[in-house]
Amino acid sequence: MITGNKGTTHKILLLTGCVSGWFALITQFYLIILNNDIPVIEAISRYFSYFTILTNIMVALCFTILFFDINKKENFFSLKSRTLTAVTLYIFVVGLVYNLILRFTWQPQGLQRIVDELLHLFIPVLFLIYWLVFDPKTGLKWSYAISWLIYPFAYLVFILVRGSFSGFYPYPFVDVLTLGYHKVMMNSFYLLILFLALSLLLIWIGKKLVKRDQH
C-alpha cells in the first residue's frame, strides 16, 4: 500500500498523466483534422495509424485506470506489472525514436509544438518514472520479451497493408513509395531488434529492483 507523502506523489503523478495524456491526444486529433486538406474520414484514419497515438492511448488508459483505482478490482482492467512494463517499453520507444530520428525532420509551432512535446517527451518520461518508482515489477519473465513484440509487429503489418491501398505511410523509415520494400523491411527489422533489446533491459532492471527491495 502506498501511504503518506509517497501516496500523495503517486496520485499527483497519475493525475498529471491523465490530464496531459488526454489533452495531448484530443488536441492532436483536432489539429490533424484542422490542418490537413483531406477528407475527414481519411484524417481520422491517419490519426489512428500513428504508433505514437496508439501507444499514448495505452498510456492515458493506464494512468486513468490507476488514478481511479479501477485497477484494484480483479477484472478486465486489472493492470499487472507485465502489462505496465510492456506499455513502458512501447512509450519509451516512441520517445527514443522520435527524439533521435524524427525530431529534426520538422519544426512544429504554437499549439502543435506543445502537443508534440507532450506526446514524445513529457509523457514518455512521466510513464517511465511511474514504472521505476511505483510499479512493483513483480513476476517479470525473460520470455515476455518475445510476446511484447506482437504489438509492434502487428502495427507494422497494419501500416504496410493500409499504405499499399492509400499510399500514406506515417513514418519516413517505413515509406515504401520512397524507400522500397527491401529498405523498409531492413528498417523494420532493426526496430524490432530495438524493441527486443529494450524489453530485455526493462526486465533486467525490474528484476534488479525487486531483488533490491527484498533485502
- Message: I'd like to know if the side chain of Tyr171 pairs up with that of Thr52 as donor and acceptor (distance under 3.5 Å, no hydrogens or angles considered).
- Response: yes

- Single-linkage hydrophobic cluster Phe51~Leu100, side-chain heavy atoms < 4.5 angstrom: yes

- Message: Using side-chain heavy atoms (C-beta onward) and a distance below 4.5 Å, is Ile53 in contact with Phe29?
- Response: no

- How about Thr178 and Tyr169: do any of their side-chain heavy atoms sit closer than 4.5 Å? no

- Message: Strictly distance-based, threshold 3.5 Å: is any side-chain N or O of Asn99 a donor or acceptor partner for the main-chain N or O of Gly95?
- Response: yes

- So, do Val115 and Leu31 sit near enough that their side-chain heavy atoms are less than 4.5 Å apart? yes

- Item | Distance-only donor-acceptor check, side chains Ser81 and Trp131, under 3.5 Å | no

- Query: Is it true that a side-chain atom of Tyr47 and a backbone atom of Gln28 form a donor plus acceptor pair closer than 3.5 Å?
  - Reply: no

- Any idea how Phe168 and Tyr50 line up, ring-wise: parallel (<30°), tilted (30 to 60°), or perpendicular (>60°)? perpendicular

- Could you label the plane-to-plane angle of the Tyr155 and Phe158 rings as parallel, tilted or perpendicular, counting under 30° as parallel and over 60° as perpendicular? tilted

- Are Leu119 and Trp106 connected in a single hydrophobic cluster, I mean Ile/Leu/Val/Met/Phe/Trp/Tyr linked by side-chain heavy atoms less than 4.5 Å apart? yes

- Task: Scan residues 126-145 for pairs that pass salt bridge (charged side-chain N to carboxylate O under 4.0 Å, His left out), counting only residues two or more places apart or in two chains.
- Result: none

- Item | Validation row: Leu191, Pro152 side chains within 4.5 angstrom (heavy atoms) | no

- Can you measure from CD1 (Ile146) to CG (Leu196) and round to the nearest 0.5 angstrom? 5.0 Å

- Message: Run Phe63 and Phe127 through ring-ring contact (aromatic ring centres under 6.0 Å, His included) and show every step you take.
- Response: CA-CA 8 Å; Phe63 276 136; Phe127 200 78; 5.2 Å; yes

- Task: Treating Ile, Leu, Val, Met, Phe, Trp and Tyr as nodes and any side-chain heavy-atom pair under 4.5 angstrom as an edge, say whether Leu121 and Phe104 lie in one connected cluster.
- Result: no

- Message: What I'd like to find out is whether the side chain of Lys183 reaches to under 4.5 Å of the side chain of Phe173, using heavy atoms alone.
- Response: no

- Message: Measuring only between side-chain heavy atoms, which start at C-beta, is Tyr144 closer than 4.5 Å to Ser199?
- Response: no

- Task: Taking the side chain as every heavy atom from C-beta outward, state whether Ile38 and Arg46 have any atom pair closer than 4.5 Å.
- Result: yes

- Same apolar cluster (I L V M F W Y, side chains within < 4.5 Å links), Leu54/Ile150: no

- Query: Do Tyr151 and Tyr90 touch side chain to side chain, with heavy atoms closer than 4.5 Å?
  - Reply: yes

- Look at the side chain of Ser45 and the backbone N and O of Ile41, then say whether any donor-acceptor pair between them is shorter than 3.5 Å. no

- Query: Between atom CD1 of Ile32 and atom CD1 of Ile44, what is the distance when rounded to the nearest 0.5 Å?
  - Reply: 10.0 Å

- Item | Members besides Tyr190 in its Ile/Leu/Val/Met/Phe/Trp/Tyr cluster (side-chain heavy atoms under 4.5 Å) | Met186, Phe189, Ile193

